[in-house]
Amino acid sequence: MKERRVLVVEDERTIAESIAARLRAEGFAVEIAADGPSAVAQFHAVQPDLVVLDVMLPGFDGLEVCRRIQAGRAVPVLMLTARDDETDLLVGLAVGADDYLTKPFSMRELTARVHVLLRRMERAAATPAPPAIRLGDIEINEAERRVRRAGADVHLTPTEFDLLVHLAGRPRTVLPRERLLADVWGWGDGSGTRTVDSHIKALRRKLGADLIRTVHGVGYALELPS
């Protein structure tokens with residue numbers, strides 16, 4: 001099996017080395033970058049399977065790093081932030097982050113999130129893709145992992161794409177947040193429903209506010225165009 005490679009972007013050396021040591025113990029090949037410019041350079045040089053990315057970096061911040069690396073190739077990004085702020089979450093998701101961890105965090109939780117993100121990507125790559133899904137002017141092509149709206153490509157993160165496909169496969173069905181966490185993220189404990197809400201907001205911003213209906217206190221349903 002090909003050794004999976006992770007790029008850790010963190011300017012605090014102790015944290016970066018601790019993350020790298022834990023991931024190497026899990027069997028990953030790990031590279032480290034300590035600022036924005038070197039992170040982008042390392043990304044293009046090593047072509048990692050996943051990026052663990054701190055928001056606060058010298059040179060330019062993690063949001064700009066995420067924007068630049070996702071422009072060329074969709075790759076799972078786990079962002080690290082010292083602030084538990086919804087604005088930060090939404091901005092991070094808008095530029096291509098798939099998941100968030102707020103400092104301080106446990107290494108056990110970080111490695112669990114990394115494994116879940118990679119398993120989801122591998123499962124998607126191994127599953128035969130059905131025909132393209134059409135929702136009005138939106139076309140979802142699972143084989144190419146591409147979404148178009150009115151003929152123009154819409155850049156979605158791997159998690160946004162998986163969430164959209166999951167909802168589109170069950171149109172008008174109200175899916176609880178806890179079920180979405182289990183089915184899309186692979187989280188079995190029901191925690192992190194705010195992550196679902198943030199990804200739904202990102203999809204609405206990119207594909208239209210009316211595409212996904214909120215059922216307050218329950219979850220979300222994808223609406224079919226009339």
Side-chain angles (χ1 to χ4, degrees), residues 4 6 43 47-53 63 65-79 89-100 113-173 175 177 179-187 192-214 219-225:
R4 293 173 296 180
V6 177
F43 176 81
Q47 295 290 300
D49 299 294
L50 181 140
V51 179
V52 177
L53 176 61
L63 298 176
V65 171
C66 193
R67 185 180 293 109
R68 295 191 186 193
I69 66 177
Q70 292 284 23
R73 177 171 69 94
V75 61
V77 175
L78 174 61
M79 294 199 87
L89 283 170
L90 292 176
V91 172
L93 292 170
V95 298
D98 290 282
D99 201 357
Y100 247 85
R113 299 282 185 94
V114 166
H115 281 294
V116 165
L117 284 171
L118 288 172
R119 276 200 305 270
R120 204 166 66 238
M121 289 293 291
E122 291 164 359
R123 186 169 62 243
T127 302
I133 301 170
R134 292 188 180 274
L135 306 167
D137 65 350
I138 297 171
E139 178 185 339
I140 307 169
N141 188 317
E142 289 190 62
E144 299 178 6
R145 291 187 68 83
R146 174 178 289 180
V147 175
R148 292 186 178 93
R149 184 181 184 191
D153 283 336
V154 179
H155 182 82
L156 300 184
T157 70
T159 299
E160 289 168 0
F161 184 87
D162 291 341
L163 177 58
L164 176 63
V165 167
H166 194 74
L167 290 166
R170 301 152 184 81
R172 296 198 176 100
T173 301
L175 299 176
R177 292 172 176 84
R179 178 176 168 186
L180 290 171
L181 276 171
D183 292 348
V184 178
W185 277 263
W187 300 358
T193 54
R194 193 169 134 201
T195 299
V196 177
D197 298 339
S198 297
H199 278 77
I200 293 291
K201 289 179 181 179
L203 285 175
R204 285 171 171 160
R205 184 172 56 252
K206 295 177 180 182
L207 297 173
D210 297 331
L211 180 65
I212 301 170
R213 176 169 58 96
T214 299
Y220 299 100
L222 186 135
E223 293 295 289
L224 295 175

Results of side-chain hydrogen bond (donor to acceptor under 3.5 Å, both in side chains) for T214 - residues two or more places apart only: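 Here the qualifying residues are R204.
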For D183, side-chain hydrogen bond (donor to acceptor under 3.5 Å, both in side chains) partners two or more places apart: H166, R179
Which atom names give the shortest non-hydrogen contact between [X] and [Y], and what distance separates them?
X	Y	value
A97	H199	O-NE2, 4.3 Å
Q70	H155	O-CE1, 3.0 Å
E223	D210	CB-O, 3.9 Å
D49	L118	O-CD2, 3.7 Å
V114	V52	CG2-CG2, 4.3 Å
R149	V154	CB-CG2, 3.7 Å

If you apply the rule side-chain contact (heavy atoms from CB on, under 4.5 Å), what do you find for I200 with L167, and how did you get there? CA-CA 10 Å; I200 293 291; L167 290 166; 4.0 Å; yes
Rounded at 0.5 Å granularity, tell me how far [atom1] in [X] sits from [atom2] in [Y].
X	Y	atom1	atom2	answer
D162	L117	CG	CG	10.0 Å
W185	L163	CH2	CG	4.5 Å
L207	L222	CG	CG	9.5 Å
L180	T195	CG	OG1	12.0 Å
T157	D98	OG1	CG	4.0 Å
D99	R113	CG	CZ	4.5 Å

Go through K206 and L156 one step at a time and tell me if the side-chain contact (heavy atoms from CB on, under 4.5 Å) criterion holds. CA-CA 8 Å; K206 295 177 180 182; L156 300 184; 3.6 Å; yes
With sequence neighbours excluded, what pairs up with D153 under the side-chain contact (heavy atoms from CB on, under 4.5 Å) test?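 So D153 forms a side-chain contact (heavy atoms from CB on, under 4.5 Å) with R146, R148.
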Partners passing side-chain contact (heavy atoms from CB on, under 4.5 Å) against V165 (at least two apart in sequence or in another chain): I140, E142, F161
Is there a side-chain contact (heavy atoms from CB on, under 4.5 Å) between Q47 and V75 once you walk through the steps? CA-CA 9 Å; Q47 295 290 300; V75 61; over 6 Å; no
Is R4 close to L50 at the side-chain level, that is, under 4.5 Å between some pair of heavy atoms? no
Pairing residues for R134 by the salt bridge (Lys or Arg N to Asp or Glu O under 4.0 Å) criterion, not counting sequence neighbours: E139
